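Single-structure report; data block below.
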Amino acid sequence: MTAHDIATFLRAHAPKDDGWKFWDYEAEADEPVPGLGVVTVVENVGGEDQGSHAHLVFRVLPEDGPVRYFRVNGYYSSYDGTEWDGDLYEVFPRIKSITVYE
């Protein structure tokens, strides 16, 4: 299944054509999506006091396959709130180490 196919399932699952806004604000922790599997928003970045960048990362646990992760980008403005204007694309989790001096 392609990222485009996954995006179609995710948008169709949202009530009243809410699209990505449903996944940003209303989705359950582990949202069952018929025909796709269990979907969880594992990262939600953006919003008030977080700058203009925004993105959502989804974990998709299909009924018959390995876990996959997908990301959609957007932006936040104090006037309009969050707008999701990017395409959904597949991402892969990576562990990174950083040094901080305090």
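This is a predicted model, so every value here is computed, not measured. Position 1 is the first residue of the sequence, and the numbers go up from there.
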Closest non-hydrogen contact found for Glu28 with Glu31 is N-OE1, 2.8 Å
Single-linkage hydrophobic cluster, 4.5 Å side-chain cutoff, [X] and [Y] together:
X	Y	answer
Phe22	Ile6	yes
Val67	Tyr89	yes
Tyr25	Val41	no
Val57	Phe70	no

Hits for side-chain hydrogen bond (donor to acceptor under 3.5 Å, both in side chains) against Glu26, two or more places apart or cross-chain, chain-then-number order -> none
For a 4.5 angstrom cut-off between non-hydrogen side-chain atoms, does Leu36 reach Val60? yes
- Item | Close side-chain approach of Val39 to Leu10, heavy-atom, < 4.5 Å | yes
Rounded to the nearest 0.5 Å, what's the gap from [atom1] on [X] to [atom2] on [Y]? Could you check?
X	Y	atom1	atom2	value
His53	Asn73	NE2	CG	5.5 Å
Leu61	Asp30	CG	CG	9.0 Å
Tyr76	Ser52	OH	OG	11.0 Å

Extract all donor-acceptor atom pairs below 3.5 Å that involve side chains of residues 95-102 and protein atoms in other chains or at least two apart in sequence.
none

Applying salt bridge (charged side-chain N to carboxylate O under 4.0 Å, His left out) to Arg71 and not counting sequence neighbours gives none
By salt bridge (charged side-chain N to carboxylate O under 4.0 Å, His left out), Glu90 pairs with (sequence neighbours left out) Arg68
Between Val72 and the options Leu88, Asp87, Asp24, the side-chain contact (heavy atoms from CB on, under 4.5 Å) test singles out Leu88
Taken in chain and number order and not counting sequence neighbours, the residues that satisfy ring pair (Phe, Tyr, Trp, His ring centres under 6.0 Å) with Phe58 are Trp20, Trp23
Sorted by chain and residue number, the side-chain contact (heavy atoms from CB on, under 4.5 Å) partners of Asp5 (sequence neighbours excluded) come out as Met1, Thr2
Review point. Judged by atom type as modelled, is there a donor-acceptor pair below 3.5 Å linking the side chain of Thr40 to the main-chain atoms of Arg59?
Key: no
